[in-house]
Amino acid sequence: MTTTTEAHADHAEHQDHAEHGMSIRGYVTIALILAALTALEVSTYFVDFGPFFMPVLLILMCVKFFIVVSYFMHLKFDNKLFSFMFYTGLFLAIGVYAAFLATFKFFTA
Amino acid sequence: MADTAVHHAEHGHHTSTGLSNNKLGMWLFLGSECLLFGGLISTYMIYRGRVGEGPRPGNVFDIPFTSVSSFVLLMSSLTMVLAVAAAQKRDDRGTTLWLTVTGLLGATFVGGQMYEFTAMYNEGLGYTTSLFGSAFYTLTGFHGVHVTVGIIMLFSLVAIIKRSNVPGDKAEVVELVGLYWHFVDIVWIIIFTLVYLIPA
Amino acid sequence: MAIIEQPAPVGAPALPAAPTPTRTYGALRRPVATTGWKSWVFTVDHKKLGIMYGVVAMFFFIVGGIEALLIRLQLAAPNGKVLSADVYNQMFTMHATTMVFLFVMPMAAAFANYFIPLQIGARDVAFPRINAFGFWTLVGGGIIVNLSWFLGGAADGGWFMYAPNSGPVFSPSHGVDFWALGLQITGIASLTGAINLIVTVLNMRAPGMSLMKMPVFTWLQLVVQFLLLFAIPVITVALFLLSFQRNFGATFFDVSAGADPLLWQHLFWIFGHPEVYVLILPSFGIISEVLPVFSKKPLFGYPFVVFSGAAIGFVGWGVWAHHMFASGLGPVSVAVFSIATMAIAIPTGVKIVNWTMTLWGGKLRFTAAMHFAVGLIVLFTIGGLSGVTHSVAPSDTQQTDTYYIVAHFHYVLFGGAIFGLFAGFYYWWPKMFGKQLNERLGKANFWFMVIGMNLTFGPMHMIGLQGQPRRMYVWTEARAGEGFFNIAFWNMVASIGAFILAFGVLLFLINVFKTTRSKEVAPLDPWDARTLEWMTTSPPKEHNFDAIPTVHHLDEFFHRKYEQDPNTHEMKQVATAEDILREQEANADKHIHMPSPSYWPIVLAGGLPVIALGIIYSIPVAIVGAAIVVLALFGWSLEPSTAPDSDFDPPASGDGTKELAPLG
Ligand code: HEM
Ligand SMILES: [Cu+2]
């Protein structure tokens with residue numbers, strides 16, 4: 001961790017500019033993709049997806065989540081330390097609460 | 001200070017990591033919020049089937065309506081990002097415009113949530129009707145409060161920018177509020193799928 | 001200087017002039033007093049806040065201690081008459097709550113606040129106003145938790161507040177409401193403090209201080225702050241659910257309404273187990289500073305101590321259900337959590353080995369601080385071993401809810417956490433106050449505490465294995481048994497031990513009192529210390545360092561004093577602390593502007609207890625509280641962290657305000 005932090009310190013100035021890398025067009029495209037994915041999600045309510053229902057919804061949810069985090073919240077372009085902070089919390093939450101739900105037999109019953 | 005500034009410039013950085021304190025703090029806060037919403041969502045997951053005498057989730061959810069309000073919140077993330085972009089170009093008019101639009105979209109979402117809660121209440125799901133009801137209102141209520149706090153921040157920011165009274169780096173303040181706002185949006189992405197679209 | 005050194009945007013247009021006081025929403029000019037009570041109440045100085053944390057924590061230590069003595073009086077003999085069953089329940093609940101949330105955590109925060117910036121060569125924390133806010137929030141929370149004593153009875157469900165004991169049937173007074181809301185408020189203090197200190201450690205290090213050159217105390221505090229960052233929201237959820245159940249009619253933990261009582265237990269212990277590391281790691285950090293200094297050797301295996309600290313922090317998230325082995329989790333869960341719990345003893349053991357190896361072959365000096373540090377190693381090891389015995393689930397089902405558990409956690413908490421804090425008192429007192437605590441009294445303090453603590457908690461292993469349950473307000477002669485394991489005898493021993501222990505603590509207070517009155521000034525570097533906090537005056541100047549040091553080594557201060565002789569390879573002193581300080585003063589930075597005091601932290605913090613009282617008694621009051629919070633937030637965000645020159649009286653000269661202000 002030491003090395004990464006130190007290395008980033010040197011790049012801080014450049015980082016500052018790279019961070020604003022997305023164009024307005026890019027943002028609008030992302031928003032359109034998100035809208036399309038949402039439409040797909042909602043369509044599961046009207047159309048029967050059979051066994052794919054659950055996996056499709058979960059995958060779409062994750063894709064939307066990471067698109068917003070990576071592009072709108074800039075994590076993809078930003079310093080890795082920010083990703084570290086956020087993803088530590090996120091994956092800790094997922095791990096801990098998945099184990100928690102497992103003790104309630106949530107996934108098996 | 002000039003001297004220390006020079007001193008630091010010589011070392012090529014101003015903070016040890018070169019990153020802004022405020023932004024680092026905000027990301028830490030958001031990391032922490034993951035465990036807050038994780039707890040609320042898990043509680044809901046355990047209790048969603050415990051409806052007692054009251055209505056079941058499938059009976060009270062109005063998926064088309066909630067889809068629209070989810071869409072509104074999702075699009076507010078786009079307008080928020082446009083506000084941040086404008087702020088970085090030091091375009092005050094653009095910034096305040098997009099902040100206002102974001103706030104209005106957020107308010108639409110909260111308005112929709114109020115309507116939804118009222119409708120559910122009328123269908124017999126009160127806060128204390130069943131464990132499902134308590135857990136549902138607690139989870140979505142917490143999210144709603146987060147959105148409301150965001151809306152207040154957005155409109156306050158508009159007012160402050162108009163009076164050019166922002167202490168500190170304006171673009172950064174807008175960016176920080178933006179991070180918070182997007183976070184509230186991604187939490188809803190999860191709630192929308194896990195709570196609404198996947199039935200108990 | 002503005003403490004937050006943000007990159008000025010390159011080529012950016014000139015910033016608008018800093019707002020003058022009339023343009024801010026601060027109705028009054030901001031406080032600038034440097035003496036008198038105002039200089040404390042409105043301060044944002046991490047050192048003053050550290051001292052205030054310490055004073056408040058000490059107050060609660062005494063409160064919690066008196067509660068403990070009452071418990072031991074009640075249990076000294078069969079059919080105790082000192083406390084009624086109801087008051088007894090309140091007593092043990094509030095004893096634990098006070099000790100954990102209002103003594104050990106704030107005392108660790110006191111050291112963190114005071115010493116982290118000094119150890120990393122910074123002039124303050126990253127968000128000085130948030131720091132002040134955290135302190136006042138803690139005070140508000142502590143008041144709310146304890147106010148219930150005077151308003152119909154305190155919380156009485158145990159510090160873990162299991163359902164259904166937390167519900168209205170078994171706990172009809174407002175005690176649990178005060179407890180839940182008060183802890184919610186102290187949680188806010190811990191969370192903001194965690195964010196503040198993490199950013200401080202990551203961003204405010206002196207040039208050259210890479211993460212692996214940081215003092216161990218700072219490192220382990222960093223781990224603690226991450227634990228708090230992620231554990232506090234979990235207890236926040238639990239406490240909200242509890243408050244909603246008690247105040248708004250939800251039934252989250254009400255089995256008769258179909259709820260699962262284990263929900264609370266899980267949420268509480270997901271927080272609770274990381275929390276026990278929050279309690280112990282600061283003390284591990286303290287003795288990792290003390291042992292090398294008094295052994296005149298670097299800490300053995302610094303990277304192992306750091307990484308095992310981080311490992312404890314990580315694995316600590318996967319063991320919470322070991323508190324629930326007897327709750328019917330099912331064999332798979334029990335097996336998984338049992339094994340994970342055994343595994344966590346490994347990084348803990350690594351630390352004990354490192355400390356022992358640090359002592360090995362060192363030039364040991366048995367000062368009072370060193371006594372406490374070595375005491376910690378021994379006593380904590382005993383507690384850790386009994387912990388391993390409960391990690392074995394079948395054995396734990398015999399032990400759980402008996403005094404054996406009480407013995408375990410007092411060895412780790414009293415013998416571990418508290419002994420570490422006392423080591424810190426003796427070690428850092430001269431730094432904080434420029435005066436040294438009396439060593440002879442200190443050693444007496446130590447011996448009374450060790451003897452008292454072993455007499456009190458040692459026998460509890462036995463009476464626990466004999467079957468005396470926890471949380472029972474009386475025991476009867478009929479259960480006492482006979483011979484060596486007669487619990488009547490050992491209960492009496494435990495109670496006598498408690499008073500010996502209390503006398504030890506009293507000696508400490510006397511020591512503080514005497515030292516404060518004495519005129520004797522401590523030497524600049526009384527212990528021949530190793531880390532940066534000793535590289536400045538005692539007590540440190542408001543801006544900590546005249547010149548921010550550039551760091552080249554782990555134990556930088558030591559390496560400035562000593563160099564290796566190229567021929568004999570022995571360390572030879574090349575400079576004294578005085579020399580180093582003089583050099584710094586000669587190269588002092590000019591125009592050092594510190595973050596300015598502010599009214600807003602205390603106003604903002606003051607709104608929270610009002611909201612809590614409102615939720616319990618009358619919603620309009622809560623709305624007033626919320627209004628105070630909102631108002632204060634606006635005032636806060638419009639006020640630059642460093643006062644503009646025109647705020648000073650007479651106006652400060654210089655160019656210090658052209659900075660970008662932080663939000664905190
Ligand atoms: C070697 C490491 C440790 C192990 C394996 C361990 C294991 C355990 C286990 C299995 C229990 C549950 C016993 C029961 O209720 O039946 C327990 C209780 C407890 N432990 Fe530890 N422990 C360890 C270290 C610590 C430390 C470092 C602390 C605090 C500084 C601590 C504080 C506590 C407390 C407060 C309880 C009692 C909680 C309650 O029921 O009120 N433990 N420990
Ligand atoms: Cu534990």
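Sequence lines set the chain letters: A, B, ... in the order given, protein chains first and strands last, and positions in each chain run from 1. Please read these numbers as outputs of a predicted model, since none were measured by experiment.
- Residue contact with chain A, scored on non-hydrogen atoms closer than 4.5 Å, involves the side chain of B:Met75 exclusively.
- Residues B:Ser42 and A:Phe104 have side chains not in contact (no heavy-atom distance under 4.5 Å, counting atoms from C-beta outward).
- A tilted orientation is assigned to the rings of A:Phe72 and B:His182, their planes being inclined by 30° to 60°.
- A:Ala93 approaches B:Cys34 most closely through the heavy-atom pair CB-O, 3.7 Å.
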message: Test side chain to side chain contact (heavy atoms under 4.5 Å, CB included) on A:Leu75 and B:Trp27; report intermediate values, then the result.
response: CA-CA 10 Å; A:Leu75 263 196; B:Trp27 275 113; 3.6 Å; yes

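- Within the 4.5 angstrom heavy-atom criterion, no atom of A:Thr88 approaches chain B.
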task: Give the intermediate values and the outcome of side chain to side chain contact (heavy atoms under 4.5 Å, CB included) for residues A:Phe82 and B:Met26.
output: CA-CA 9 Å; A:Phe82 296 134; B:Met26 178 54 90; over 6 Å; no

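- Counting non-hydrogen atoms of neighbouring residues, nucleotides and ligands closer than 6.0 angstrom, the CZ atom of A:Phe52 reaches no more than 12 such neighbours.
- Side-chain N or O atoms of A:Tyr97 include one that pairs as donor or acceptor with a backbone N or O of B:Leu35 at under 3.5 Å.
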- request: Apply side chain to side chain contact (heavy atoms under 4.5 Å, CB included) to A:Asp78 and B:Lys23, showing your working.
  value: CA-CA 11 Å; A:Asp78 236 335; B:Lys23 201 165 153 187; 2.7 Å; yes

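- Rounding to the nearest 0.5 Å gives a distance of 7.0 Å between CD1 of B:Ile46 and OG1 of A:Thr103.
- Looking at B:Ser77, the atoms closer than 4.5 Å to chain A (heavy atoms on both sides) sit in the backbone and in the side chain alike.
- Residue contact with chain B, scored on non-hydrogen atoms closer than 4.5 Å, involves the side chain of A:Phe46 exclusively.
- For B:Phe29, no part lies near chain A; criterion is any non-hydrogen pair under 4.5 Å.
- Both the backbone and the side chain of B:Leu179 come within contact range of chain A, judged by heavy atoms closer than 4.5 Å.
- Residue A:Phe53 comes nearest to B:Leu197 through the heavy atom pair CZ-O, 3.4 Å, listed as atom of the first residue, atom of the second, then distance.
- Atom OG1 of residue B:Thr193 and atom CE of residue A:Met54 lie 11.5 Å apart, to the nearest 0.5 angstrom.
- Closest non-hydrogen pair, B:Gly31 versus A:Phe86, comes out as N-CD1, 4.1 Å.
- Here the straight-line distance linking atom CD1 of B:Ile63 with atom CD of A:Glu41 works out to 11.0 Å at 0.5 Å rounding.
- The neighbour count for A:Phe65 CZ, taken as heavy atoms of other residues, nucleotides or ligands under 6.0 Å away, is above 12.
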- request: Kindly determine whether A:Leu81 and B:Leu24 satisfy side chain to side chain contact (heavy atoms under 4.5 Å, CB included), including the steps that lead there.
  value: CA-CA 8 Å; A:Leu81 204 54; B:Leu24 213 49; 4.2 Å; yes

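- In this structure, A:Ile30 CD1 and B:Leu78 CG are separated by 10.0 Å, a value rounded to the nearest 0.5 Å.
- The CG atom of A:Leu57 sits 15.0 Å away from atom OH of B:Tyr196, with the distance rounded to the nearest 0.5 Å.
- Counting only heavy atoms from C-beta outward, the side chains of B:Thr17 and A:Asn79 never approach each other to under 4.5 Å.
- At least one side-chain heavy atom of A:Ile24 sits less than 4.5 Å from a side-chain heavy atom of B:Leu82.
- Of all non-hydrogen atoms in B:Phe183 and A:Met73, the two that sit nearest each other are N-CE, 3.9 Å.
- Nearest heavy-atom pair across A:Met61 and B:Ile190 is SD-CA, 3.8 Å.
- For A:Tyr71, the OH atom counts as loosely surrounded, since its 6.0 Å shell holds 12 or fewer non-hydrogen atoms of other residues, nucleotides or ligands.
- Within the 4.5 Å cutoff, side-chain heavy atoms of A:Leu58 are placed close to those of B:Leu194.
- Within a 6.0 Å sphere centred on CZ of A:Phe91, other residues, nucleotides and ligands contribute more than 12 heavy atoms.
- Note that CZ of B:Phe37 and CG of A:Leu90 are 13.5 Å apart. Values are rounded to the nearest 0.5 Å.
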